[in-house]
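As structure tokens, the structure follows; a few thoughts come after it.
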Amino acid sequence: MTTNPLLAALFESLLLKLVAVLELTQRPEGTVTPQAKQAVLHATNEFKSALNQAKELAANLPGGELRIEEQVEVIEMLTELRDRKRQQLGDFASRTVAASASTAADHRMEIDSMASTPFHEY
């Protein structure tokens with residue numbers, strides 16, 4: 001399964017954006033000045049935007065609409081189907097081997113019967 005580097009970068013950037021918000025809000029001078037308030041607001045909005053994007057991507061992952069119990073049921077069903085197909089292939093292979101052995105025996109009998117028949121010229 002290949003991963004999209006842009007998606008991975010989005011999820012990796014979440015932690016950095018959160019750290020930026022925390023650093024800005026935990027400064028000793030606080031968020032008293034308008035510039036500090038603006039910086040915190042900007043960093044917070046960037047974090048919220050990235051978080052919403054990440055939530056949307058996670059919600060749209062294939063299979064994400066299934067509960068864990070449903071996912072387990074699907075996996076068990078597919079495993080059972082795989083096992084049945086393997087059994088069918090095994091049965092088919094054994095029938096093919098038996099059929100070729102029977103055909104080979106028929107050919108040997110045909111050859112043998114031809115060898116024991118006297119040659120007649122007409």
Side-chain angles (χ1 to χ4, degrees):
M1 179 173 149
T2 60
T3 58
N4 183 337
L6 297 175
L7 299 178
L10 171 66
F11 284 97
E12 290 171 0
S13 74
L14 286 175
L15 184 58
L16 297 174
K17 291 180 187 310
L18 179 61
V19 168
V21 170
L22 292 173
E23 285 176 347
L24 289 170
T25 57
Q26 300 302 314
R27 286 185 177 168
E29 64 272 8
T31 57
V32 188
T33 66
Q35 294 87 356
K37 287 181 183 180
Q38 186 64 32
V40 170
L41 181 62
H42 179 70
T44 303
N45 286 339
E46 278 191 15
F47 176 71
K48 285 180 182 179
S49 174
L51 188 58
N52 286 334
Q53 260 186 304
K55 283 180 182 180
E56 186 175 327
L57 290 171
N60 292 324
L61 285 173
E65 71 278 359
L66 299 176
R67 294 187 330 266
I68 291 176
E69 296 83 19
E70 293 170 328
Q71 291 177 20
V72 168
E73 288 175 12
V74 169
I75 291 169
E76 288 172 350
M77 178 198 64
L78 292 172
T79 302
E80 184 180 320
L81 181 63
R82 179 203 63 199
D83 294 344
R84 276 191 305 206
K85 293 294 181 186
R86 283 183 179 166
Q87 180 63 43
Q88 288 174 343
L89 285 172
D91 293 346
F92 179 73
S94 65
R95 276 189 272 149
T96 303
V97 169
S100 13
S102 171
T103 304
D106 290 345
H107 286 313
R108 266 186 269 133
M109 276 185 21
E110 189 175 305
I111 292 170
D112 289 344
S113 67
M114 289 170 61
S116 64
T117 305
F119 179 72
H120 297 286
E121 268 189 61
Y122 296 98

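No hydrogens, no waters, no symmetry mates; every other heavy atom, side chains included, goes into these values.
In this structure, the separation between CG on Leu18 and CD on Glu46 is 13.0 Å, given to the nearest 0.5 Å. Rounding to the nearest 0.5 Å places NZ of Lys85 at 12.5 Å from CD of Gln87. Here the OG1-CG distance, from Thr44 to Leu51, works out to 12.0 Å after rounding to the nearest 0.5 Å. Put simply, CZ on Arg27 and CG on Leu22 are 12.5 Å apart, with the number rounded to the nearest 0.5 Å. To the nearest 0.5 angstrom, Leu41 atom CG is 4.5 Å from Asn45 atom CG. The structure places CZ of Arg86 at 4.5 Å from CZ of Arg82, a figure rounded to the nearest 0.5 Å.
Within a 6.0 Å radius of CD in Glu69, more than 12 heavy atoms belonging to other residues, nucleotides or ligands are found.
A side-chain donor-acceptor contact under 3.5 Å links Glu70 to the backbone of Arg67. Remark: the backbone N or O of Val21 is paired with a side-chain donor or acceptor of Thr25 at under 3.5 angstrom.
Closest heavy-atom contact between Leu66 and Gln71: O-NE2, 3.1 Å. Summarising the geometry of Ala54 relative to Leu14, their closest heavy-atom pair is CB-CD1, 3.8 Å, with the distance given to 0.1 Å.
Val72 belongs to a hydrophobic cluster whose remaining members, ordered by chain and number, are Ile68; membership requires side-chain heavy atoms of ILVMFWY residues under 4.5 Å apart, directly or through intermediates. Counting Ile, Leu, Val, Met, Phe, Trp and Tyr side chains that sit under 4.5 Å apart, directly or through other members, Val40 shares a hydrophobic cluster with Leu24.
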Between Asn52 and Glu56, does a side-chain hydrogen bond (donor to acceptor under 3.5 Å, both in side chains) hold up when you go through it step by step? CA-CA 6 Å; Asn52 286 334; Glu56 186 175 327; over 6 Å; no
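Hydrophobic clustering (side-chain heavy atoms under 4.5 Å, transitive across Ile, Leu, Val, Met, Phe, Trp, Tyr) groups Phe47 together with Leu57.
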